[in-house]
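Below is one structure, written out as C-alpha cells; comments come after it.
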Amino acid sequence: MDLDQYIRFLMALVFVVALIMVVAWVMRRVGMAGGTVRGRARQRRLSVVEALPVDAKRRLILVRRDDREHLILLSANGDLLVDSAPAAGFDTALAGTAAVKPDHAAPAGGPQ
C-alpha cells in the first residue's frame, strides 16, 4: 500500500468518527438520548436499587419505580418478576416476617 492509500484511510476514519459524534450531539439536543423526558429529568421515577449476580447467566435486579420495588431475575432464557411490593425499608420487611411464627412440624416418626 502506498502512503496515499494510508492517508485516504486515515481521513475516512476521521470523517466517520466525526459523523458519529455529530449524530450523537444532534440526538442529545433533540432529546432522543438518555432515556429521560425533557422537563422531568430532575424527577427520576425509575432507579436500580441493587444488582446481584446469581451465577454466570443469571442476575437479580431490584428496581424502584415510584413507590414500588420490583425484584426481577434476568437470564438468557428470559426475565422473571420474582416479587413486587411497596417500597419500604429492610427493617419493615424484617418486622413483618418476625410477626409470623413458624409452624412446629411433628417428628419424622410420627406419634408412638
Side-chain angles (χ1 to χ4, degrees):
M1 291 176 70
D2 297 315
L3 183 62
D4 181 35
Q5 288 179 333
Y6 283 120
I7 292 175
R8 285 182 20 186
F9 172 76
L10 187 61
M11 294 294 285
L13 181 64
V14 168
F15 176 74
V16 168
V17 169
L19 188 61
I20 290 172
M21 291 175 68
V22 166
V23 168
W25 179 78
V26 167
M27 287 180 66
R28 193 173 305 155
R29 295 290 286 171
V30 172
M32 296 177 70
T36 60
V37 179
R38 227 174 242 261
R40 295 191 60 133
R42 288 176 176 61
Q43 299 174 356
R44 294 204 180 259
R45 297 179 54 207
L46 186 66
S47 66
V48 175
V49 176
E50 194 171 342
L52 177 71
V54 176
D55 56 23
K57 294 184 180 182
R58 294 179 294 178
R59 172 175 287 192
L60 280 171
I61 304 289
L62 184 60
V63 177
R64 178 173 289 151
R65 178 192 52 90
D66 294 333
D67 61 342
R68 308 232 0 127
E69 287 184 346
H70 307 281
L71 183 62
I72 303 169
L73 178 68
L74 303 177
S75 69
N77 297 333
D79 306 332
L80 175 68
L81 178 65
V82 176
D83 189 23
S84 181
F90 183 69
D91 296 332
T92 306
L94 275 180
T97 57
V100 176
K101 296 189 180 208
D103 294 337
H104 293 292
Q112 292 182 1

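Position 1 is the first residue of the sequence, and the numbers go up from there. Below, all heavy atoms of this structure are taken into account, side chains as well, without hydrogens, waters or symmetry copies.
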Suppose we screen for side chain to side chain contact (heavy atoms under 4.5 Å, CB included). Which residues come up paired with [X], at least two apart in sequence or across chains?
{"X": "Ile7", "value": "Leu3, Met11"}
{"X": "Leu81", "value": "His70, Ile72, Ser84"}
{"X": "Leu73", "value": "Val54, Arg58, Leu60, Leu80, Val82"}

In this structure, would [X] and [Y] fall into the same cluster of hydrophobic residues linked by side-chain contacts under 4.5 Å?
{"X": "Leu46", "Y": "Ile61", "value": "yes"}
{"X": "Val30", "Y": "Val23", "value": "yes"}
{"X": "Val48", "Y": "Leu74", "value": "yes"}

Between Arg59 and Ala51, the two heavy atoms sitting closest are CD-CB, 4.4 Å
Gly78 and Ser75 have their tightest heavy-atom pair at O-OG, 2.8 Å
| message | One pair to check against side chain to side chain contact (heavy atoms under 4.5 Å, CB included): Ser47 and Arg64. What are the steps and the verdict? | response | CA-CA 5 Å; Ser47 66; Arg64 178 173 289 151; 3.8 Å; yes
The complete set of side chain to side chain donor-acceptor pair (under 3.5 Å) pairs with one or both residues in residues 5-14, sequence neighbours excluded, reads none
Taken in chain and number order and not counting sequence neighbours, the residues that satisfy salt bridge (charged side-chain N to carboxylate O under 4.0 Å, His left out) with Asp66 are Arg45
